[in-house]
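Please read the structure below before turning to the comments.
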Amino acid sequence: MNLRPPFYSIASIIVVVGLYLVWDVKDPETNAVQELTKAPMRPIVQTEDQAPEVAPPAKQIAPSQKNAIDQLKELADSKRPEDAFKRYQILAACFHDAEELKSFDSWAINEDNRLHIAERKPELEKSMRQCVGVDYTAMAHRFDLLNLAVRANVKGAASAYLYEGPNGDKFALETRPTDPYVLDWKKRTIAQLENAAQHCDQSAISDLTQVYFFNVITKRDPAKELFYMTVMYELRGWKISQSAEKYIRKTKETLTAMEIEEVNFQIKNLVQSCKR
């Protein structure tokens, strides 16, 4: 089975393991691609039936000569939620890199996969050397740290919660769609992203644009989709591309004048709040 097809649906995107250490912005004029630099590429290619990607996050590893254990020890006594999130990121990197490295054993043998593995495997093996001494119990503890960071509105935490999937099960949305825990996870994830957006977390705003378009974890909502997309453009100070203008125009056609007026009012309030 080839685990790295060229294009993935948003369902694949939101359940793929994601860990955001640094948030970066790509040019909206180009075809939007979400790149997780320490995971197999899972791009979203913009089509007529897809929402324009407004703030694709890029995961990068903060430079450090220290191994994971030493970094965790330095942060162990801190009570700051931001440091709890850093500890989560370290543990999550160790866990997900190990899972990715192990997954190569089941990949189809072909030239494309061989090239990718040859490029990616040395990075993962380096990560494993950095993670020596971090056991599974510690890595499972990452969810406690992540939940603490989410409650404290640490930037990026709500998005990390989304990309972890239900309790770290990236296949649960497909294999257990009616499981009460999965259904509760969907509601909790949306509520956390919405709250993070109100606290001006741009990664959450970007994710909500996609979430409300692809209706994988919630019903499609053109009004909220338009709201979050426009807010992101406003906060980034981007010039709206022609493709985005076309998309926004089509989205507005599905809304009433009163709904558009309410969306514009909410956009103005949040943008002003975030820019203060």
Side-chain angles (χ1 to χ4, degrees), residues 12-23 34 36-40 42 57-64 66-103 120 123-173 175-176 179 181-182 184-193 195-196 199 201 203-204 207 217:
S12 300
I13 293 294
I14 72 167
V15 297
V16 69
V17 170
L19 173 63
Y20 301 117
L21 301 184
V22 176
W23 297 93
Q34 182 180 56
L36 304 179
T37 62
K38 281 185 56 74
R42 285 165 169 79
K59 186 188 70 170
Q60 299 173 353
I61 294 301
S64 176
K66 299 178 181 178
N67 62 36
I69 286 290
D70 289 340
Q71 293 180 66
L72 290 169
K73 286 179 179 178
E74 288 181 355
L75 297 167
D77 295 328
S78 173
K79 304 299 182 184
R80 298 176 66 248
E82 292 81 5
D83 287 337
F85 189 49
K86 289 178 182 178
R87 290 167 63 196
Y88 157 77
Q89 292 171 311
I90 295 167
L91 293 169
C94 289
F95 177 81
H96 294 308
D97 285 353
E99 289 292 296
E100 183 185 347
L101 185 61
K102 185 169 61 177
S103 76
R120 182 82 179 115
E123 297 179 33
L124 296 174
E125 290 174 336
K126 180 179 179 181
S127 174
M128 292 301 92
R129 291 192 293 272
Q130 288 286 95
C131 292
V132 169
V134 180
D135 59 26
Y136 184 82
T137 300
M139 289 187 284
H141 177 54
R142 73 187 188 277
F143 292 110
D144 297 326
L145 299 167
L146 178 57
N147 287 329
L148 189 157
V150 170
R151 290 194 295 271
N153 294 312
V154 176
K155 295 292 191 293
S159 290
Y161 188 93
L162 165 70
Y163 283 85
E164 279 279 6
N167 200 32
D169 183 355
K170 58 185 177 180
F171 301 110
L173 296 182
T175 60
R176 298 185 285 127
D179 186 323
Y181 179 83
V182 174
D184 180 67
W185 175 86
K186 290 181 180 182
K187 293 179 182 178
R188 187 163 58 250
T189 299
I190 292 296
Q192 290 174 170
L193 287 169
N195 180 64
H199 285 80
D201 185 336
S203 59
D207 287 330
I217 67 172

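From a predicted model like this one, the values you see are computed outputs, not experimental measurements. Residue numbers count from 1 along this sequence.
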| Verdict with reasoning, K186 to V182, per side chain to side chain contact (heavy atoms under 4.5 Å, CB included) | CA-CA 6 Å; K186 290 181 180 182; V182 174; 4.2 Å; yes
| Verdict with supporting geometry, N167 and F143, side chain to side chain contact (heavy atoms under 4.5 Å, CB included) | CA-CA 8 Å; N167 200 32; F143 292 110; 4.0 Å; yes
| message | Under the criterion side chain to side chain contact (heavy atoms under 4.5 Å, CB included), I'd like the reasoning laid out for N147 against Y161: C-alpha separation, chi angles, the key distance, then a yes or no. | response | CA-CA 8 Å; N147 287 329; Y161 188 93; 3.4 Å; yes
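In this structure, L91 and L72 have side chains that are in contact, with non-hydrogen atoms separated by less than 4.5 Å. When side chains are defined from C-beta on, T189 does not count as touching Y163, because their heavy atoms never get closer than 4.5 Å. The shortest side-chain heavy-atom distance between F85 and L146 falls under the 4.5 Å cut-off. At a threshold of 4.5 Å between non-hydrogen side-chain atoms, the residues H96 and M139 do not count as touching. Between I217 and I190, the closest side-chain pair of non-hydrogen atoms falls below 4.5 Å. Side-chain contact between I69 and K73 is present, with heavy atoms from C-beta onward closer than 4.5 Å.
Scanning both residues, E164 and A92, for their nearest heavy atoms gives OE2-CB, 4.1 Å. Across all non-hydrogen atoms, the minimal contact from A149 to P81 is CB-O, 4.2 Å. The shortest non-hydrogen separation linking A157 to D201 is N-OD2, 4.4 Å. Of all heavy-atom pairs spanning A84 and L145, the tightest one is O-CB, 3.6 Å. In terms of heavy atoms, L173 sits closest to P166 at CD2-CG, 4.3 Å. In terms of heavy-atom proximity, Q71 sits nearest to I90 at CB-CD1, 3.6 Å.
The distance from atom CD of Q192 to atom CH2 of W185, rounded to the nearest 0.5 Å, is 9.5 Å. Between atom CZ of residue R80 and atom CG of residue L75 there is a gap of 9.5 Å, rounded to the nearest 0.5 Å. The CG atom of L124 sits 10.5 Å away from atom CZ of R129, with the distance rounded to the nearest 0.5 Å. The OG atom of S103 sits 6.0 Å away from atom CD of E100, with the distance rounded to the nearest 0.5 Å. Taken from CD in E125 to CG in L101, the straight-line distance is 6.0 Å, to the nearest 0.5 Å. Annotation: the span from N153 atom CG to E82 atom CD amounts to 10.5 Å, rounded to 0.5 Å.
A distance-only check finds a donor-acceptor pair linking the side chain of H199 to the backbone of N195 [under 3.5 Å].
The local environment of CG in D135 is crowded, with over 12 non-hydrogen atoms from other residues, nucleotides or ligands closer than 6.0 Å.
Evaluation of the salt bridge (Lys or Arg N to Asp or Glu O under 4.0 Å) rule for D179 yields R176 as partners, not counting sequence neighbours. Looking at residues two or more places apart in sequence or on another chain, you find a salt bridge (Lys or Arg N to Asp or Glu O under 4.0 Å) between K102 and E99. Residues that satisfy the side chain to side chain donor-acceptor pair (under 3.5 Å) test with D70, not counting sequence neighbours, are absent from this structure.
We find that D83 and K86 are joined by a salt bridge, their nearest charged nitrogen and carboxylate oxygen being less than 4.0 Å apart.
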